[in-house]
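Hydrogens, waters and symmetry mates are skipped; everything else that's a heavy atom, side chains included, is used.
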Amino acid sequence: MMGPLLTSYTHDGLTFDVRDEGPADGDVIVLLHGFPQTSTSWATVVPHLHAAGFRTVAPDQRGYSPGARPSGRHDYRLDQLVGDVVALIEATGHDAVHLVGHDWGGTVAWSTAASRPEVVRTLTAVSVPHPRAMVQTFRTVRQLRKSWYMVAFQLPWLPEHVLSGRYGESFLRASGMTAEQISRYRDEVVLTGALPHALGWYRAMLLPTPRGLGRRVSVPTTHVWSDGDTAIAREGAELTASYVEADYHLEVLEGVSHWIPEEAPEELAAEIIRRARSV
């Protein structure tokens, strides 16, 4: 059943802002942003999806929406984040959607598809591999070197201080972010007070979560990875196939940084559309 276009939805006593756009009667694609970004990171992808007849629903996730910023790290456990997505899917008026996630949004998308496959028609995971494949890569020196910041983000208050200033901008610039993206990060994450809550996702990483979130995925899946990614090594992309028990495709974008939605929107949209039309 088609529901009205959303501007917000509620879950767990929190209110989430949503960008719900495109043909109201189109199949729904839910787009989950990563760190440290908001739903605006999909701005150059969604026109291609709308032109193909899809409705896009992109939330500002927990910690980013002003009305959804609990203070404790336990409030950012992966099962909580998955619960937010399931509630959003229900709010669209559709029983199941095409789910897309980039960076941390990719981890949430993988976990949603693994634990609640009945609400996910297809999955497109951008940059980040299946969570269990990611854990495997931590045994390699290459991924450990790339993931040093995950350890640094466990410290209290210091990451907020550093990431709010010039070093934070230099860190993002080195990862491939453009000046425009960094400006949006400053305006939408730092100046709105979202940064401490966004870091809560990292600080909840080591907390226990339900085992079902790490299951193999049983829905048709595409994983899009880029060889210029400074955060995610190729090993994770190659290991991911063993965690999908359905039609699976790995698409490698050459010469593209971690920020695929902004840097290669047309190519990413084509992969999302191809996957959505495969069912």
Side-chain angles (χ1 to χ4, degrees), residues 30-37 41-42 45 61 77-79 81-82 85 98-117 120 122-151 153 175-176 201-202 204-206 209-264 267-268 271-272 274-275 278:
V30 169
L31 302 162
L32 305 177
H33 66 81
F35 175 90
Q37 297 183 296
S41 62
W42 299 105
V45 176
Q61 296 192 81
R77 297 190 317 269
L78 196 50
D79 56 316
L81 305 174
V82 168
V85 175
H98 303 287
L99 187 58
V100 181
H102 173 245
D103 187 78
W104 259 111
T107 299
V108 177
W110 279 114
S111 300
T112 303
S115 61
R116 295 295 302 273
V120 180
T122 67
L123 170 66
T124 303
V126 188
S127 298
V128 175
H130 186 282
R132 285 169 63 186
M134 188 69 185
V135 169
Q136 278 188 268
T137 67
F138 288 142
R139 301 171 185 170
T140 68
V141 173
R142 189 201 309 252
Q143 186 58 60
L144 287 174
R145 285 176 176 166
K146 288 177 176 282
S147 300
W148 64 269
Y149 62 92
M150 293 185 182
V151 177
F153 288 175
S175 72
W201 292 47
Y202 288 94
M205 283 176 56
L206 302 180
T209 56
R211 295 183 65 181
L213 299 178
R215 292 183 185 133
R216 287 178 168 82
V217 169
S218 60
V219 303
T221 298
T222 293
H223 178 33
V224 181
W225 177 80
S226 49
D227 65 3
D229 197 316
T230 60
I232 309 293
R234 189 183 186 104
E235 286 84 351
E238 294 175 345
L239 288 167
T240 288
S242 62
Y243 293 103
V244 181
E245 297 175 339
D247 182 50
Y248 174 74
H249 173 67
L250 169 63
E251 182 68 18
V252 176
L253 302 181
E254 297 182 354
V256 176
S257 77
H258 178 75
W259 312 105
I260 294 174
E262 293 101 332
E263 195 169 334
E267 294 91 331
L268 176 57
E271 291 302 321
I272 295 170
R274 187 175 296 116
R275 175 48 67 195
S278 72

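Side-chain N/O atoms of S257 and E263 include a donor and acceptor closer than 3.5 Å. Judged purely by distance below 3.5 Å, without hydrogens or angles, the side chains of H130 and T240 never pair a donor atom with an acceptor atom. Side-chain atoms of T122 and H98 form a donor-acceptor pair, as typed in the model, at a separation below 3.5 Å.
Here the CH2 atom belonging to W225 is positioned 10.0 Å from the CG atom belonging to L253, to the nearest 0.5 angstrom. Between the OG1 atom in T124 and the CG atom in L32 there is a gap of 11.5 Å [rounded to 0.5 Å]. Note that OG1 of T107 and CG of L81 are 9.5 Å apart. Values are rounded to the nearest 0.5 Å. A distance of 4.5 Å separates OG in S127 from NE2 in H258, rounded to the nearest 0.5 Å. Between atom CD of residue E238 and atom NE2 of residue H223 there is a gap of 10.0 Å, rounded to the nearest 0.5 Å. Between atom CE of residue M150 and atom CG of residue L206 there is a gap of 11.0 Å, rounded to the nearest 0.5 Å.
Side-chain contact between E251 and E267: absent, with no pair of heavy atoms (C-beta onward) separated by less than 4.5 Å. Considering only heavy atoms from C-beta on, V45 stays 4.5 Å or farther from V100 through its side chain. Residues H249 and R274 have side chains not in contact (no heavy-atom distance under 4.5 Å, counting atoms from C-beta outward). Looking at heavy atoms from C-beta onward, M134 lies in side-chain contact with I232 at the 4.5 angstrom threshold.
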Mind listing the side-chain donor-acceptor pairs of residues 213-221 below 3.5 Å, one per line with the distance, residues two or more places apart or on another chain?
{"unit_1": "R216", "atom_1": "NE", "unit_2": "S242", "atom_2": "O", "d": "3.0"}
{"unit_1": "T221", "atom_1": "OG1", "unit_2": "V219", "atom_2": "O", "d": "2.7"}

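Closest non-hydrogen pair, P261 versus W42, comes out as CG-CZ3, 3.9 Å. The heavy-atom pair separating K146 from A233 by the smallest distance is CD-N, 3.7 Å. Taking both residues in full, the closest heavy atoms of S147 and A231 are given as OG-O, 4.3 Å, listed atom of the first, atom of the second, then distance. Residues W259 and P36 approach most closely at CH2-CD, 3.8 Å, considering heavy atoms. When all heavy atoms of S111 and S115 are compared, the closest pair comes out as O-OG, 2.8 Å. The two residues L123 and R275 make their nearest non-hydrogen contact at O-CG, 3.8 Å.
With sequence neighbours left out, T230 forms a side chain to side chain donor-acceptor pair (under 3.5 Å) with no residue at all.
A donor-acceptor contact shorter than 3.5 Å is absent between the side chain of E235 and the backbone of T137. Remark: the backbone N or O of V128 is paired with a side-chain donor or acceptor of W110 at under 3.5 angstrom.
Taking the six-membered ring for Trp, F35 and F153 have ring centres closer than 6.0 Å.
Look at D229 and R234 and you find no salt bridge, because none of the NZ, NE, NH1 or NH2 atoms lies under 4.0 Å from a carboxylate O.
Using cut-offs of 30° and 60° on the angle between ring planes, the pair W104 and Y202 is perpendicular.
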